[in-house]
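I have placed the structure first, in the form of structure tokens, so that the comments after it can refer back to it.
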Amino acid sequence: MGNAAKAAAEVLTCSRASTRRWPILRSVLLSGLVVVVVGPLLQACAGDGRSVEAFCSTYREEKEKFQDTYSGIGSNSDDPDQVLTDLMLGIQSLGDVSVILDKLDKVAPEDIEPDVAAVKKSWDDMTAGMGDQASQALNPGGLLGGMLKGLILGAQSNGSWTRVGQYITDHCES
């Protein structure tokens with residue numbers, strides 16, 4: 001056989017071998033694609049980050065940040081400038097509590113999530129009307145109405161507040 005015939009035979013042999021290998025290679029590539037693309041999507045759907053560990057970790061991190069930011073409030077009440085600063089920090093802390101409750105609600109395990117959601121809603125409802133109540137400070141009827149509304153909202157969610165507090169004590173504080 002001449003060189004040309006040998007070369008043609010090799011090309012035919014290689015192309016037959018590569019034809020046999022191509023379906024296997026294609027299967028391997030498709031399997032890899034499924035693992036790389038679909039796997040994380042399925043994992044994201046199956047495990048949405050709700051666990052006791054995620055809840056407690058979030059609670060501890062947020063508690064530490066909150067305490068670092070607001071632990072000095074009221075420590076120097078003799079300074080008139082500090083009183084105004086403390087008041088502003090106190091008001092700011094209300095918004096931070098809303099953010100903390102939102103973060104906790106996103107990672108709360110199924111057994112406590114409904115209570116965390118109720119606490120978050122209760123907190124948001126109570127703080128939403130604070131500006132209106134402050135504007136009514138000199139109107140006794142408005143002030144009493146605002147106080148009564150706050151008491152009712154607090155009483156409605158008291159069970160959830162208690163259960164969330166107990167859950168934190170049981171699972172997050174060692």
- line: The side-chain contact (heavy atoms from CB on, under 4.5 Å) partner of V164 among L101, L104, V119 is V119
Within this structure, what is the [atom1]-[atom2] distance for the pair [X] and [Y], rounded to the nearest 0.5 Å?
| X | Y | atom1 | atom2 | value |
| --- | --- | --- | --- | --- |
| K103 | D105 | NZ | CG | 13.5 Å |
| T69 | E64 | OG1 | CD | 10.0 Å |
| I112 | R50 | CD1 | CZ | 12.0 Å |
| D125 | K120 | CG | NZ | 9.5 Å |
| N158 | R163 | CG | CZ | 9.0 Å |

statement: Contacts of Y167 meeting ring pair (Phe, Tyr, Trp, His ring centres under 6.0 Å) (sequence neighbours excluded), chain-then-number -> F55, H171
task: Taking all non-hydrogen atoms of both residues into account, name the closest pair between V116 and A108 and its distance.
output: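 Reported closest heavy-atom pair: CG2-CB, 4.0 Å.
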- prompt: Between T58 (side chain) and A54 (backbone), is there a donor-acceptor pair under 3.5 Å?
  reply: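 Judged by distance alone, yes, a pair lies under 3.5 Å.
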Suppose we screen for side-chain contact (heavy atoms from CB on, under 4.5 Å). Which residues come up paired with [X], at least two apart in sequence or across chains?
| X | result |
| --- | --- |
| S93 | F66, Y70 |
| E61 | S57 |
| S98 | W123, D124, T127 |

By side-chain hydrogen bond (donor to acceptor under 3.5 Å, both in side chains) - contacts of [X] (at least two apart):
| X | value |
| --- | --- |
| K65 | E62 |
| T162 | none |
| E113 | none |
| S160 | D115 |

task: Could you list the residues that satisfy salt bridge (Lys or Arg N to Asp or Glu O under 4.0 Å) with D102, not counting sequence neighbours?
output: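 Listed in chain order: K106.
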- prompt: Hey, any chance V99 and I168 share a hydrophobic cluster, counting ILVMFWY side chains that come within less than 4.5 Å of each other, even indirectly?
  reply: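 No, V99 does not connect to I168 through the hydrophobic network.
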